[in-house]
Trainee: 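Please find one structure pasted underneath; my questions will follow.
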Amino acid sequence: MEKTSEREYVALVWGNVSEDQGTIEGHLARHPKNRLQMAVFPDGDQGKEAVTHYKVLERLGYVSLVSCKLETGRTHQIRVHMKHLGHTLFNDERYGGDKILKGTTFTKYKQFVDNAFKLLPRQALHAKTLGFQHPVTNEYMRFDSEIPADMALCIEKWRGYSKHAQ
Amino acid sequence: MTDATEQEPNQEDLFEHFRFVASKGQEPLRVDKFLMNFIENATRNKIQQAAKKGNIWVNDTLVKQNYKVKAGDEIKVLFEHPPYEFLLTPENIPLDIVYEDEALLVVNKSPGMVVHPGHGNYSGTLINALVYHFDNLPNNSSERPGLVHRIDKDTSGLLVVAKTEAAMTHLAKQFFGKNQ
């Protein structure tokens with residue numbers, strides 16, 4: 001079947017993503033020990049197929065702003081796939097992103113990150129674009145949305161910090 | 001005016017809340033006592049009331065509280081209202097509707113809003129808001145009116161909701177039907 005839907009997310013992730021773009025493939029299933037988490041099974045012997053295409057939008061020092069296009073839509077797909085790549089989502093408590101995963105040990109840095117956590121009290125993930133074929137008219141419809149205020153402010157703080165640090 | 005023709009309730013119109021199958025070794029036991037053993041927080045009085053109201057069925061036949069359960073019997077407790085976890089209370093929660101027509105709508109979900117009721121979240125969900133703002137949303141298999149796909153609670157962003165059965169099927173195929 002031809003692909004007639006699209007979902008594009010924007011995520012702020014820990015670390016400087018090495019490639020400008022790439023594809024993450026890896027089956028997803030419930031974590032064997034922690035039922036609240038999903039986990040990647042690269043061998044494909046368990047779980048369901050999942051594919052995420054990512055692209056770096058902006059490098060902000062210890063974090064990166066990425067766009068993620070879903071080929072499949074599995075539970076926690078982006079959160080788990082990005083963690084698998086070594087770039088857990090910023091402030092994603094369930095997957096350990098609410099700790100300082102990159103950066104320095106300076107008190108000032110810790111204060112800066114704690115403040116950023118407060119500005120964005122949730123995982124830094126927004127479903128920005130949604131596209132599908134209209135069921136009645138068959139017309140392709142595409143919707144785009146703004147990054148919400150809490151996330152936009154957090155990104156702005158990181159932008160400022162990375163400029164200042166350079 | 002009183003309605004003299006008290007009709008036996010039709011099973012099709014009721015919602016199943018409990019279903020048990022008596023094990024092979026089941027000794028004959030009054031159904032009210034049987035249910036006492038299986039339903040948490042049940043009282044004999046409540047069960048007998050339910051029996052009087054016609055809520056207890058064995059092998060698809062309405063029974064009285066003194067019915068003796070035998071091995072292999074299928075015992076069901078049915079009520080006129082859906083089970084609590086599926087009881088959707090319409091709530092006047094403002095929604096950011098980006099687009100709407102006869103077939104569907106696109107909502108921009110705010111961060112923190114849960115999409116559908118479930119473990120621990122029975123109010124304040126997107127579904128509670130949707131059933132308030134829209135009548136006759138189609139039901140999918142899991143009693144989540146209009147829902148085609150989901151977004152995690154703490155993720156914000158765009159979500160499409162179907163307003164008709166046909167739109168629901170069409171959209172679900174587009175999101176989940178591709179070689180998966």
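What you see below is based on every heavy atom in this structure, not just the backbone, and it leaves out hydrogens, waters and symmetry mates. Sequence lines set the chain letters: A, B, ... in the order given, protein chains first and strands last, and positions in each chain run from 1.
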Trainee: Using non-hydrogen atoms and a 4.5 Å limit, figure out which bit of A/Thr129 sits close to chain B: side chain, backbone, both or neither.
Mentor: backbone
Trainee: Under 6.0 Å from the ring centre and within 45 degrees of the ring axis: does the NZ or CZ of A/Arg7 meet both conditions for the six-membered ring of B/Phe176?
Mentor: yes
Trainee: Could you tell me whether the side chain of A/His76 reaches within less than 4.5 Å of the side chain of B/Asp152, counting heavy atoms only?
Mentor: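 With C-beta onward as the side chain, the pair touches.
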Trainee: Between B/Leu104 and chain A, with a heavy-atom cut-off of 4.5 Å, which part of the residue counts as in contact: side chain, backbone, both or neither?
Mentor: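 For B/Leu104, the side chain is the part near chain A, not the backbone.
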Trainee: More than 12 non-hydrogen atoms from neighbouring residues, nucleotides or ligands closer than 6.0 Å to OH on B/Tyr132, yes or no?
Mentor: no
Trainee: Tell me, side chain or backbone of A/Asn91 under 4.5 Å from chain B's heavy atoms, or both, or neither?
Mentor: neither
Trainee: Are any of the side-chain heavy atoms of B/Ile151 and A/His126 separated by less than 4.5 Å?
Mentor: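 No, every pair of side-chain atoms sits at 4.5 Å or beyond.
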Trainee: Is A/Asp144 close to chain B through its backbone or its side chain, or both, or neither, when contacts mean heavy atoms under 4.5 Å?
Mentor: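 Just the backbone, heavy atoms under 4.5 Å.
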Trainee: With distance as the sole test, does A/Ser145 use its side chain to make a donor-acceptor pair with the main-chain N or O of B/Gly157 at under 3.5 Å?
Mentor: no
Trainee: Check each atom of A/Met141 against the heavy atoms of chain B and say whether the ones under 4.5 Å are side chain, backbone, both or neither.
Mentor: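 It is the side chain, since no backbone atom gets that close.
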Trainee: So what's closer than 4.5 Å to chain A heavy atoms on B/Val106: side chain, backbone, both or neither?
Mentor: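 B/Val106 touches chain A through side-chain heavy atoms alone.
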Trainee: Quick check: does any side chain N or O of B/Gln174 sit under 3.5 Å from a backbone N or O of A/Gln133, one acting as donor and the other as acceptor?
Mentor: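 Side chain of B/Gln174 to backbone of A/Gln133, a donor-acceptor pair under 3.5 Å: yes, one is there.
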